[in-house]
Amino acid sequence: MKATSSYQQQGAGLYIVPTPIGNLEDMTYRAVRILQESDIVAAEDTRQTMKLFRHFSIESKLVSYHEHNKQTSGERLLADLEAGKQIALVSDAGMPGISDPGSDLIRQAIAADIPVIVLPGANAALTALVASGLSTERFLYYGFLPRKKKERREALEQLKYETGTLVFYEAPHRLKEMLQGIEEVLGDRQVTLARELTKRYEEYIRGSVSELRAWAAEDVRGEFVVLVEGSNEERPDAVIQDSDPLEQIRRYIEEGEKPNAALKRVAKERGLDRQELYLAFHEAD
């Protein structure tokens with residue numbers, strides 16, 4: 001176990017700086033100061049960040065760091081960090097490292113024993129969750145669901161019995177299909193749609209999935225946070241998973257599965273070695 005302090009070297013290190021998710025007043029005094037003091041600011045989209053620079057009179061060196069150049073740009077940034085420079089990382093909006101390549105640079109900095117200092121600030125997922133009216137006792141942030149229908153359905157199947165509120169991001173042109181997938185897999189649960197957060201036309205739309213599907217049938221705009229009520233159903237395999245795996249195989253066979261198929265299924269569901277399970281099953285019988 002290794003304990004580290006973010007403030008081993010005052011000034012030097014990688015600073016994670018949240019930026020406004022809509023309203024420029026989301027910016028904190030500390031965030032502005034860190035950007036002004038940093039030797040380099042690494043931005044997802046330098047054109048977007050330049051607007052922020054102009055508004056707050058920030059003149060620090062601005063470089064590009066995004067999904068398509070993160071390897072080469074990341075190497076240069078790490079070299080600068082190791083040389084003792086102060087670097088601030090920003091995304092287009094909200095907290096860097098959430099559904100963007102900033103998480104890679106953070107891991108690399110930690111591996112190199114470089115201090116990582118995270119500033120609190122704007123975040124769309126938590127903002128929407130608190131205002132959703134859904135449970136905040138437990139929640140699961142997922143981000144963007146897969147775009148392809150089959151993969152999206154498989155992802156939702158994995159979340160079907162999650163008891164906490166589910167938090168997703170979605171683009172407006174995929175919202176209708178996403179809500180349809182949610183209704184087909186998770187059922188007609190309560191949902192909150194949040195869009196244009198902290199902007200002039202901020203809006204929350206609350207209702208059942210079927211109601212919101214009807215609302216989304218027309219042309220919709222804005223980036224969405226989609227919050228879905230958690231499950232109140234018991235996971236069907238909860239009892240099975242606590243039982244003897246050999247009994248589980250027999251149960252599947254009684255339900256009509258062939259012995260080899262039942263063995264393979266139980267091994268996969270429980271993460272067991274199929275050959276060892278095969279031997280145990282035949283020795284028991």
Side-chain angles (χ1 to χ4, degrees), residues 3-45 48-53 55-58 60 62-63 65-66 77 81 85-144 164-169 192 194-199 202 204 223-227:
T4 60
S5 169
S6 294
Y7 293 92
Q8 294 169 8
Q9 307 172 45
Q10 279 292 336
L14 178 63
Y15 287 75
I16 312 304
V17 183
T19 54
I21 58 176
N23 192 321
L24 285 173
E25 293 179 358
D26 293 340
M27 201 71 170
T28 67
Y29 290 112
R30 185 184 177 202
V32 172
R33 177 178 63 80
I34 292 299
L35 292 182
Q36 290 172 335
E37 293 176 353
S38 293
D39 299 301
I40 299 170
V41 175
E44 185 177 4
D45 184 336
Q48 184 71 19
T49 304
M50 185 55 70
K51 298 175 186 177
L52 196 69
F53 273 33
H55 185 83
F56 291 104
S57 301
I58 299 167
S60 301
L62 188 61
V63 302
Y65 177 83
H66 51 71
L77 291 170
L81 286 165
K85 291 188 177 182
Q86 175 177 317
I87 295 179
L89 176 69
V90 299
S91 64
D92 288 347
M95 178 67 77
I98 304 295
S99 295
D100 77 19
S103 57
D104 293 331
L105 185 60
I106 291 168
R107 283 192 292 269
Q108 290 167 346
I110 291 170
D113 285 333
I114 294 167
V116 175
I117 305 96
V118 181
L119 278 62
N123 176 270
L126 291 179
T127 301
L129 174 66
V130 172
S132 68
L134 301 174
S135 174
T136 59
E137 293 297 316
R138 173 186 169 94
F139 64 92
L140 188 151
Y141 167 77
Y142 189 92
F144 289 93
T165 298
L166 303 174
V167 185
F168 304 97
Y169 288 157
T192 295
R195 66 172 175 174
E196 299 296 287
L197 292 181
T198 78
K199 296 180 183 178
E202 173 181 284
Y204 289 89
E223 297 298 317
F224 284 85
V225 182
V226 181
L227 305 106

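Quick note: residue numbers are just sequence positions, from 1.
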Of the non-hydrogen atoms in Thr127 and Tyr204, which two are nearest, and what is the gap between them?
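Scanning both residues, the minimum pair turns out to be O-OH, 3.7 Å.
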
What's the shortest heavy-atom distance between Thr19 and Ala93, and which atoms?
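Minimum heavy-atom contact is OG1-CA, 3.5 Å.
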
Would you list the pairs meeting side chain to side chain donor-acceptor pair (under 3.5 Å) in which at least one residue belongs to residues 90-101, sequence neighbours left out?
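Qualifying pairs, neighbours excluded: Ser99-Tyr141.
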
With sequence neighbours excluded, what pairs up with Asp26 under the side-chain contact (heavy atoms from CB on, under 4.5 Å) test?
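For Asp26 the side-chain contact (heavy atoms from CB on, under 4.5 Å) partners, ignoring immediate neighbours, are Pro20, Ile21, Asn23, Ala122, Thr198.
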
Roughly how far, to the nearest 0.5 Å, is [atom2] of [Y] from [atom1] of [X]?
| X | Y | atom1 | atom2 | result |
| --- | --- | --- | --- | --- |
| Tyr65 | Asp104 | OH | CG | 5.0 Å |
| Phe53 | Leu62 | CZ | CG | 4.5 Å |
| Phe139 | Leu134 | CZ | CG | 12.5 Å |
| Thr49 | Leu35 | OG1 | CG | 8.5 Å |

Run Ile87 and Leu105 through side chain to side chain contact (heavy atoms under 4.5 Å, CB included) and show every step you take.
CA-CA 11 Å; Ile87 295 179; Leu105 185 60; 5.7 Å; no

Set of side-chain hydrogen bond (donor to acceptor under 3.5 Å, both in side chains) partners for Glu196, sequence neighbours left out
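Glu196 satisfies side-chain hydrogen bond (donor to acceptor under 3.5 Å, both in side chains) with no residue once adjacent residues are dropped.
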
If you count heavy atoms of other groups shown closer than 6.0 angstrom to CZ of Phe168, is the number above 12?
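Yes - once you tally the heavy atoms of other residues, nucleotides and ligands closer than 6.0 Å, there are more than 12.
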
Using modelled atom types only, decide if a donor and an acceptor are shared between the side chain of Thr165 and the backbone of Ser135 within a distance under 3.5 Å.
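Yes: the side chain of Thr165 pairs with the backbone of Ser135.
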
Donor-acceptor contact present, side-chain Tyr15 to main-chain Ala31, <3.5 Å:
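Side chain of Tyr15 to backbone of Ala31: no pair is present.
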
